[in-house]
Every structure is written in structure tokens, then in C-alpha cells.
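Only one structure is covered here, and it is reproduced in the block below.
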Protein chains: 2
Amino acid sequence: MKATMKDVAALAEVGVGTVSRVINGVKVKDKTREKVMQAIAELNYEPDEYARGLKTNRSNTIALILPTIWHPFFSEFAYYVEENLSKKGYKLFLCNADGNPEKEKEYIQMVKQSKVDGIIGITYSDIDQYVSSNLPFVSIDRHFSEQVSYVTADNYLGGQMAAKALIDRECRHLCYIGGISPYPNETNNRKAGFAKGGEESGVEVQIFDMKEPIQDLEGQLEPFLRSHPEIDGILAVNDFMALDVMKVMKRIGRNAPYDYQIIGFDGVKLSSDREYLLSTIVQPIEEMAKASVKTMMAMILNQEEPRRVVVPVSFFEGKTTKVLKKD
Amino acid sequence: MKATMKDVAALAEVGVGTVSRVINGVKVKDKTREKVMQAIAELNYEPDEYARGLKTNRSNTIALILPTIWHPFFSEFAYYVEENLSKKGYKLFLCNADGNPEKEKEYIQMVKQSKVDGIIGITYSDIDQYVSSNLPFVSIDRHFSEQVSYVTADNYLGGQMAAKALIDRECRHLCYIGGISPYPNETNNRKAGFAKGGEESGVEVQIFDMKEPIQDLEGQLEPFLRSHPEIDGILAVNDFMALDVMKVMKRIGRNAPYDYQIIGFDGVKLSSDREYLLSTIVQPIEEMAKASVKTMMAMILNQEEPRRVVVPVSFFEGKTTKVLKKD
DNA sequence: CTGAAAGCGCTAACAC
DNA sequence: GTGTTAGCGCTTTCAG
């Protein structure tokens with residue numbers, strides 16, 4: 001039915017070893033290669049990745065573990081990861097772990113059996129202990145042991161930039177609004193950078209952190225915002241939180257950028273939201289994806305040491321901050 | 001280094017066949033199983049999917065071919081597909097074809113070599129010819145030959161429902177705004193259903209179709225909308241198009257639902273857009289994903305015939321249509 | 001430069 | 001019930 005290498009060898013009147021060499025681009029006599037190529041074409045031969053994988057212990061497959069692909073930030077990230085991998089001839093296993101440590105572990109188990117050549121993960125739990133040290137692991141936004149590489153945006157600087165942008169626009173009562181996850185993560189750096197940015201200019205910075213998973217978001221936000229009418233500059237932990245804050249603020253009768261100013265974080269291209277321009281600190285998702293794949297390839301192909309990559313963020317001036325007057 | 005079945009057999013003092021049986025849940029004496037399980041635990045043994053796949057010709061992997069994961073409709077769909085597959089112990093290859101027929105073909109080639117057990121595809125080109133007839137294929141929103149299953153929302157009925165909803169809300173000059181793709185697809189049914197819906201009530205229906213890929217969308221829309229001030233009820237081919245139309249309309253000084261009413265199509269959960277409630281015909285994405293996986297499983301496991309599944313749509317009453325007065 | 005042959009780790013048919 | 005064994009299709013020595 002399906003042609004095997006043996007069939008090709010027979011038709012081309014060579015040994016299977018030679019066919020293998022042709023497939024793998026090892027040097028053979030031109031004449032021989034031609035014969036083989038022709039036989040391959042004639043039989044419509046396709047090498048069996050599984051037989052090859054069994055022998056070589058490689059699969060040309062990378063697993064991507066995400067909280068959920070169903071979120072613009074992650075789906076954009078996944079898009080670029082897949083694009084870059086596919087260019088290198090790698091396939092991608094998609095794993096939605098739902099932010100569930102159990103599931104993250106299960107997936108790691110699962111993909112290890114499937115001989116993945118590496119894992120790129122945006123994970124919550126401390127999973128580095130589950131991936132054997134010889135399996136390349138690139139973590140996004142989380143720093144594990146020395147064994148794993150990580151790629152992250154410069155969240156601390158992002159926080160600082162936000163503070164500076166607000167202060168430049170004459171805010172004097174800053175507030176960070178975010179959540180506290182049971183697992184430490186990079187959003188803490190956003191907060192810390194923001195606080196630092198305020199401090200440097202001698203401006204007060206309040207922190208409003210809600211415990212995650214957040215219950216009744218608006219119910220928590222509204223009393224807080226009502227009782228702090230002095231707040232005139234906000235950094236939200238991410239864009240969605242910013243939108244939530246704005247919604248509640250609107251209910252209180254305060255509108256950005258007139259009554260207060262607000263900056264989000266992430267900068268996902270909210271294609272559904274073109275009307276609405278949130279000022280935000282943009283993470284360069286495409287670059288992060290590229291860096292992840294590049295790091296992964298370096299680890300796989302060149303056996304390189306794990307690396308630490310920090311990519312820069314930028315301030316996108318939307319319509320929720322005032323236009324900065326040029327002097 | 002890594003334990004193999006042979007090691008387990010040796011430690012448990014049984015034959016490899018027995019270990020295999022235990023792994024695969026074939027009946028063995030309780031006592032024996034126990035010994036084997038213990039050896040497995042002790043050696044931290046993990047079966048090698050590649051060796052197994054080589055033997056069985058199955059991989060427990062499904063490929064999902066999409067235009068791009070970077071679009072809320074597809075990412076939500078992918079989320080549910082992955083979730084359902086994972087429950088059945090299947091893995092997912094993610095393939096972004098970018099709506100490019102060449103890439104779609106390449107991916108099919110690629111995943112065939114990787115022994116995928118089936119393909120779920122939202123594709124543009126006529127690719128059924130490239131997938132061998134014995135490889136289960138479930139197509140979303142596109143009907144190929146008898147060899148392939150398909151799952152689709154009831155787009156025709158959706159079009160009719162939109163027409164009815166608008167007419168019930170006293171629109172008398174309907175218009176469908178969409179695009180013409182070089183490849184036939186289900187959006188044509190939306191248009192046809194809409195036209196039919198108008199016809200049934202004796203209401204005029206205009207069609208404004210732009211050739212895809214659409215260049216200068218707004219530049220095309222504005223003159224058309226300006227020159228047709230009589231239009232008071234619009235069905236857009238999808239939610240994004242609806243948002244674009246609303247943007248242009250706003251510029252002309254017309255606002256929904258006061259000056260006209262508009263309905264979108266898809267109903268992706270625009271989490272970023274909570275302020276903004278577009279009336280729309282909702283495709284039940286989760287159900288479509290479930291149906292796809294279920295159909296796939298039926299084809300793989302029970303060798304069932306291809307199926308045709310049409311899932312119902314529903315009208316979501318947002319704020320871009322008037323509230324229907326109850327009599 | 002190329003053919004022959006030994007497995008990679010597993011499953012399944014066959015014996016016991 | 002369980003051990004033994006023959007491959008699955010390929011890569012990779014090892015000779016020649």
C-alpha cells in the first residue's frame with residue numbers, strides 16, 4: 001500500500017542505506033541520487049517520521065504550554081511561535097493548561113513520551129522540576145532554575161515608563177491596580193517598577209491588589225475607586241483590567257483622560273476594538289516569540305547553555321492619557 | 001539511561017509481552033500486574049510513543065489546520081478542540097495556514113508523514129484531493145466530496161433570522177455587507193438566507209460585496225453608505241465587518257440603533273469589548289468544536305462513514321438593534 | 001561511495 | 001495467562 005524505503009531501494013536498484021542518505025542530504029554520487037529521487041517520485045514515497053524518530057530520538061516537534069489559547073495575548077504569541085517553528089521544519093503541539101498546575105504536569109508527562117525536542121511554556125506552577133534537565137525548556141515570563149532559559153519583556157522598566165508617562169501628564173496621585181497570584185510572576189515587576197517610578201519623582205503611589213482568582217471584580221473595584229477620588233493616574237496590570245477599571249470609573253462618573261488617566265499593559269492588538277484606544281505598555285509579542293524559538297533552536301541544535309532574554313517594551317499613546325504638550 | 005520495557009520486564013521478572021499487556025490494559029493476573037506496576041514505578045518507566053506508533057500506525061494525534069490562530073473565532077475554536085481531544089488522550093498539532101492554499105497543502109503533507117490519525121480543517125482551498133481517502137478529515141464550514149465529514153453552523157438560517165429580526169424591528173431597507181472570496185464558502189449562505197428572509201416579507205435587500213482580499217475597506221464603504229441613506233437594516237458578514245461599518249456610519253453621522261440597525265455574525269466573545277454590545281448571529285463555537293471531535297472519533301474508532309453536522313445559530317440581542325416591543 | 005545488517009522500543013501472533 | 005519472537009521503517013555502523 002504505502003511505499004517504504006525498501007520499495008524505493010528496490011526500484012532504484014540501490015541499498016536502503018543509500019536511500020536514507022539521499023533523504024538526509026548526505027553526499028552520494030549525483031547519478032545515484034537521481035535514480036533514487038525518481039523512484040521516490042514514482043512511488044510517492046514519504047518517509048515515516050515515527051520510524052525515524054524511534055531511531056534518532058528526535059521528533060522535530062516542540063510543545064507549547066499555555067494557560068489558554070483563548071486569549072489574544074497567547075494566541076498572538078502562539079501564532080508567531082508556530083510560524084517561526086514551521087519555518088525551521090518543526091511542528092507544534094498545543095497544550096492549554098488552563099493555569100492548572102496539575103494539567104501542566106500532565107502535559108509535560110504526555111509530551112515527554114511523545115519525544116518532543118523541547119518545551120516552550122507560559123506556566124504558573126513550578127514545573128521545572130518535572131522536566132528532565134536534558135529536555136530544552138524555554139519559559140516565558142517566569143524565571144526558574146539555571147537549567148531553563150527564559151524570555152520576558154522588561155516589565156520593571158515598563159512599570160517605570162508608565163509612572164513617568166503619567167507624571168509627565170501631570171498626574172499626582174498614582175495607583176496600580178492588579179491581582180496577587182498564588183504563584184510569583186512577572187506582573188510583580190510591573191508593580192515594582194511603577195512604584196519605583198513614582199518614588200523617583202516623589203509622587204505617591206497606591207497599590208490595589210486583589211487576590212486571584214478574582215471574585216466579583218467590579219464589586220471590589222467600585223468601593224475602592226469611590227473612596228479614592230484623588231487618584232488621577234492608573235496603571236492596570238493588563239489591558240483587560242484597564243478596560244474593567246474604566247467601566248467602573250464611568251459608572252462613578254469619571255472618564256479618561258479628562259477626569260483621570262489610565263495605562264494598560266500588554267498591548268494586544270485588540271482588533272475587535274478599533275474604536276477604542278487604550279494607552280498601554282506594549283510587549284513586543286512577535287519578538288518574544290521569535291526569541292523563544294531562537295533560544296530553543298540554540299539549545300537543541302548547538303547544545304547551548306540556557307539563556308536569559310529580556311526584550312524591551314514601549315509606551316503606546318492611546319486616548320486614555322492626555323496629549324503631552326510640547327514645550 | 002531511560003528505562004525501556006525490557007528493563008521493566010527484567011525487574012518484574014516477566015516477559016515484555018506481559019508488560020505491554022499491562023500498559024495496554026489487557027487482562028493479566030492481578031498479582032502479575034502488581035509486580036509490573038511496581039517495576040514501572042520504580043524505574044520511572046514511560047512508554048515510547050514513537051515505538052508504539054511505528055508498530056500500530058497510530059499516533060493519537062490530530063492536526064488542526066486553521067487560517068490563523070490569531071483571531072478570536074479560531075482561537076476559541078482551537079481551545080475547545082484541544083480541550084475535547086485532550087480528554088480522549090489525543091494531542092493536537094497546530095497549523096496556521098494563513099489562508100494560503102500552498103501552505104495548506106504543505107501542512108497536509110507534513111502531518112501525513114507524522115502519522116496523524118486525522119485532520120480537522122478550516123481551509124480555503126480544495127484540499128480534499130490531497131488527503132488520502134483513508135485519513136479521516138473533518139472540514140469546518142466547507143463541503144467537499146462525500147469522503148469528508150463537515151461541521152457547520154446553519155448559516156442560511158442565520159441569514160434568515162437576521163432579516164427577520166431587522167424586519168420585526170421595522171427596517172424596510174435591508175443591506176448585506178460582505179466580501180467575495182475567490183473560494184466558495186459558507187458566508188454565501190448567510191447572504192442567501194438574508195436575501196430569502198427579506199424576500200419572504202417582501203422587503204428589499206441590497207447586497208454590497210467587496211472583492212477579497214479587501215483593499216481600502218473604509219474607502220469602499222463610505223461612498224456606498226453615503227449614497228444609500230435609505231438603508232436602515234444591515235447584516236454584516238461577520239462581527240468585525242459590523243464594527244467597521246459602524247465606524248464609517250458614525251463618520252457619516254449615523255448611529256445604531258437610532259439611525260439604522262445592524263447585526264453581525266459569529267458572536268465571538270469579545271472580551272476586550274465589554275462596553276460594546278453588538279447584536280449578532282451567534283455561532284455556537286464550543287458545540288462546533290465538540291461536534292468536530294466527536295465526528296473525528298467516530299471516524300477513527302468506529303470506522304464510521306463521514307457525517308454532516310449542522311449546528312443551530314441564535315440571535316443575540318445587543319445594543320445595535322432596537323428593543324422589540326412586546327405586544 | 002555504497003550495500004548489508006544490526007537494532008531503536010514496542011505490539012501482536014504464536015506457542016506453551 | 002504468559003513468555004518468546006518476528007518485525008514496524010528507518011538510521012547508522014561496518015565492510016568492501
Side-chain angles (χ1 to χ4, degrees), chain A residues 1-40 43-61 89 109-117 134, chain B residues 1-40 43-61 89 109-117 134:
Chain A
M1 173 70 235
K2 197 168 184 311
T4 83
M5 195 170 248
K6 227 157 102 186
D7 302 329
V8 175
L11 183 60
E13 296 173 304
V14 299
V16 289
T18 304
V19 178
S20 173
R21 270 158 227 153
V22 171
I23 300 272
N24 290 291
V26 179
K27 209 173 162 45
V28 295
K29 212 179 359 178
D30 273 1
K31 190 91 178 292
T32 321
R33 186 197 343 285
E34 215 131 296
K35 272 197 303 182
V36 173
M37 293 298 259
Q38 197 175 330
I40 288 178
L43 294 173
N44 234 303
Y45 167 73
E46 292 169 359
D48 181 319
E49 290 289 339
Y50 269 58
R52 171 182 280 169
L54 179 57
K55 247 334 234 198
T56 60
N57 262 311
R58 298 191 310 97
S59 63
N60 294 314
T61 301
Q109 189 80 356
M110 187 171 182
V111 300
K112 265 162 74 179
Q113 295 179 200
S114 298
K115 279 196 197 312
V116 294
D117 296 339
N134 45 26
Chain B
M1 172 72 234
K2 195 166 185 310
T4 82
M5 195 169 248
K6 227 156 104 187
D7 303 327
V8 175
L11 182 61
E13 296 173 303
V14 299
V16 288
T18 303
V19 178
S20 173
R21 269 159 226 151
V22 171
I23 301 271
N24 291 291
V26 180
K27 206 170 166 44
V28 295
K29 218 185 344 183
D30 273 3
K31 191 94 176 293
T32 322
R33 177 182 7 271
E34 216 132 294
K35 274 197 303 185
V36 172
M37 293 299 260
Q38 197 174 328
I40 288 178
L43 295 173
N44 235 304
Y45 167 72
E46 291 169 359
D48 181 319
E49 290 288 339
Y50 269 58
R52 173 182 276 167
L54 179 57
K55 229 2 220 185
T56 61
N57 261 310
R58 299 190 309 99
S59 64
N60 294 314
T61 302
Q109 190 80 357
M110 186 170 183
V111 299
K112 266 161 73 178
Q113 294 180 199
S114 297
K115 279 195 196 313
V116 295
D117 297 339
N134 45 28

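This one's a predicted model, so the numbers in the text were calculated from it and none came from an experiment. Here is how names work: the chains are called A, B, and so on, in the same order as the sequence lines, proteins then strands, and each is numbered from 1.
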Just to confirm, is there a sub-4.0 Å distance from OP1 or OP2 of dC8(D) to any side-chain nitrogen or oxygen of N57(B)?
no
Euclidean distance, atom NZ of residue K115(A) to atom P of dT11(D) [Å, nearest integer]:
14 Å
Closest to the side chain of T56(B), out of dG9(C), dA12(C), dG3(D), is dA12(C)
Nearest heavy atoms of V28(B) and R21(B), plus distance in Å
CG1-CB, 3.8 Å
Could you check how far CZ of R52(A) sits from P of dC10(D), rounded to whole Å?
8 Å
Gap separating the CG atom of N57(A) from the OH atom of Y50(B), nearest 0.5 angstrom:
10.5 Å
Expressed as a whole number of angstroms, how long is the span from R21(B):CZ to dC14(C):P?
13 Å
For a quick check of understanding: with a heavy-atom distance under 4.0 Å over all strands, which category does V19(A) fall into, base, sugar-phosphate or nothing?
nothing
Determine: side-chain N/O of T18(A) to OP1/OP2 of dG3(C), distance under 4.0 Å, yes or no.
yes
For M5(A) and dA4(C), what is the distance between atoms CE and C1' respectively, to the nearest whole Å?
15 Å
Does T32(B) have a side-chain nitrogen or oxygen under 4.0 Å from the phosphate oxygens OP1 or OP2 of dT2(D)?
yes
Under 4.0 Å: is that the gap between some side-chain N or O of S20(A) and OP1 or OP2 of dT12(D)?
no
Residue T4(A), side-chain heavy atoms: nucleotide from dC10(D), dG9(C), dT2(C) that is nearest
dC10(D)
Separation between OG1 of T4(B) and CD of E46(B), rounded to the nearest 0.5 Å:
13.0 Å
Under 4.0 Å between a Lys/Arg side-chain N and an Asp/Glu carboxylate O for E49(B) and R52(B)?
yes
note: Y50(A), atom OH; dT11(D), atom P; distance rounded to Å ~ 16 Å
